[in-house]
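As structure tokens, the structure follows; a few thoughts come after it.
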Protein chains: 2
Amino acid sequence: MRHVLTIAAVATLPVLSPVAAWAEAPDDAALMEEAQALFEPIPDQVPDVRGNAVTREKIDLGRMLFFDPRLSASHLLSCNTCHNLAMGGDDNLETSIGHGWQAGPRNSPTVYNAVFNIAQFWDGRAADLKEQAKGPIQAGVEMNNQPAMVVETLSSMPAYVEYFTAAFPGDDDPVTFDNVARAIEAFEATLITPAAPFDQFLEGNADALTEQEKRGLRTFIDTGCVACHAGVNLGGEAYYPFGVVERPGADILPPEDKGRFAVTDTATDEYVFRSPTLRNVALTKPYFHAGRVWDLTQAVAVMGVAQLGEDLNEDQVDDIVAFLHTLTGEAPEVIVPVLPASSVDTPRPAPMDE
Amino acid sequence: MRHVLTIAAVATLPVLSPVAAWAEAPDDAALMEEAQALFEPIPDQVPDVRGNAVTREKIDLGRMLFFDPRLSASHLLSCNTCHNLAMGGDDNLETSIGHGWQAGPRNSPTVYNAVFNIAQFWDGRAADLKEQAKGPIQAGVEMNNQPAMVVETLSSMPAYVEYFTAAFPGDDDPVTFDNVARAIEAFEATLITPAAPFDQFLEGNADALTEQEKRGLRTFIDTGCVACHAGVNLGGEAYYPFGVVERPGADILPPEDKGRFAVTDTATDEYVFRSPTLRNVALTKPYFHAGRVWDLTQAVAVMGVAQLGEDLNEDQVDDIVAFLHTLTGEAPEVIVPVLPASSVDTPRPAPMDE
């Protein structure tokens, strides 16, 4: 990261110079080389997941579980409710709506490419997707369920028992809450969005970005955005204070949510969050952990002031926004699963007032 | 229908006789012939829809709209929330949960094969799927939205405007609430489930049903179930009092919901409902308009007493239930759509307390 900031400090902005027109090709080559050193394209193969072999059987089971509302106490809410695969992998709400129409505390992060994040949740409190998957199922304001009830529910359906047995062939007792999480993680590992224009650029196609998008990428690198948004996910790799230079107002950064401080109980972690991925950011409004900013242009301007101490001018913001739109990749084709039918032994949904 | 009841009155039950073993083939032929006169298989082609040509463009648009929660005021609920294609085309809840976590008044009917029903809703108050689609979007206890807001929302997304233009090429102003309904209807016309074991039997394969399932079919015909559950959908064709012979208790038939009476204001329509399709009935518990019966076995027994005045014995009920399981067809492969991204002009979701 320090390397990047050094580059930013000494960089000129050649694309804004009057000689840019005839110097286009060499500039492209330099920009591409810099970008290739800072970022990585989304692979077109499902990535490995530590400690959880991603098999076809686990993926199929995980897809069912991801879409099954019977993982929630109400039997209404599924993983897909808040991480909607049709809408960029989140719910496009300020904060999520959960059990009993309660408002969740934070904006739902996208599930697409989440497998590439260093840890999960805005405060990184889950080490991986397996651990993450267990959170919302049990959270009172989300799915409001209990592990034992999840296992009882799934065990009551012979087809689910078969699918778990096939997905976890070595297990004596395959229908467990841990295996629910493993299967969901395996499915989520398939939720990657390769082939975005920016990926094509990283893979050597200089024409994959327009001139404005390239200017945006240049500005993104040179002003220092890249310090927190690099790598394959353009973010998701480390933790930073929201307000490195200047803390935003309470409308954007509500004072009661101190971020990672709640996880580490360390004073320096107050208002620290994991930087989000910028992959598919054009699809995942509203922005920031509190979800109070609906306009990507405003979000970029806020970041300039808060994180970089820089009042980006209108052209710079527009160029960066144009670049961010090149991060929209190709969503995998997901077929709606046919879920096992409840049996007479399947526990019924909780009464609506519970 | 009268013809059927006459058959029932004079029928013997040959499969229960001691000579059934060697008489199997002729019995099969007779049963098949009778069944073919009473029922029709689900076609393997998308059916025509009156006044709404089902085009590829309309289907694709309709699929998006069906899955788009921005048709609801909250931006949380979509058609698929209560007519979940993963769960037999309904929500498997007693009555649906809608805006603000309100309980809806009736059990959500399946959207699968709904195109074959004579009219829509339990009381038939919508003539077709087009008219039906407009109901829940506007109902305060369901999606709680307004037609003008739906049109404003969809018009704010250039990609949606393109899709509407392609789906309704003759229209000067294609993004209308009527066209929303037409597109959803076109998509829903594709939601048919052919190739159930019973369809295979109707198409001439005597081995598609087991002996018990055939006994169930025989009992289903002979006791008179078929009077209200015939045709392609085994139901959905006409209106009948719930309690032709004996009205069920308030636990199953809540006295405050007088059914079709609310539509026609005619005394003879008190507690009259459209008979539901029995297609995929094994997937769509709980049962009846109030959704109070969770066990298909109990549902069949209740129907015997209420509609036929007959205490079906345990074997008869079990046989009918086995037959009903043969009505589970093959769900179409539906790919989760990639929805257009909201723009800066897209109206935001209603505040959570509205």
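What you see below is based on every heavy atom in this structure, not just the backbone, and it leaves out hydrogens, waters and symmetry mates. The chains referred to below are lettered A, B, ... by the order of the sequence lines, with proteins before strands, and numbering in each begins at 1.
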In the structure I gave you, are the side-chain heavy atoms of [X] and [Y] within less than 4.5 Å of one another anywhere?
X: B/Phe288; Y: B/Ile252; result: yes
X: A/Phe164; Y: A/Leu154; result: yes
X: A/Val334; Y: A/Leu191; result: yes
X: A/Val115; Y: A/Leu129; result: yes

At a heavy-atom distance under 4.5 Å, which candidate from [options] has the highest pair count against chain B?
options: A/Pro286, A/Pro69, A/Gly100; answer: A/Gly100
options: A/Ala331, A/Ala103, A/Gly88, A/Cys82; answer: A/Ala103
options: A/Leu85, A/Leu77, A/Val344; answer: A/Val344

What are the two closest non-hydrogen atoms of [X] and [Y], and how far apart are they?
X: A/Leu324; Y: A/Leu278; value: CD2-CD1, 3.9 Å
X: B/Met64; Y: B/Pro340; value: SD-CD, 4.1 Å
X: A/Val180; Y: A/Val150; value: CG2-CG1, 4.2 Å
X: A/Leu76; Y: B/Leu93; value: CD1-CD1, 4.1 Å

Looking only at N and O atoms, which donor-acceptor pairs between chain A and chain B are within less than 3.5 angstrom?
residue, atom, partner, partner atom, Å
A/Ala86, O, B/Leu339, N, 2.9
A/Trp101, NE1, B/Met352, O, 3.3
A/Lys285, NZ, B/Ser342, O, 3.2
A/Lys285, NZ, B/Ser343, O, 3.4
A/Val334, O, B/Val336, N, 2.8
A/Val336, N, B/Val334, O, 2.8
A/Leu339, N, B/Ala86, O, 2.9
A/Ser342, O, B/Lys285, NZ, 3.2
A/Ser343, O, B/Lys285, NZ, 3.4
A/Met352, O, B/Trp101, NE1, 3.3

> At a heavy-atom separation under 4.5 Å, does A/Ala86 approach chain B through its side chain, its backbone, both, or neither?
Replying inline: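 Its backbone and side chain both get close to chain B.
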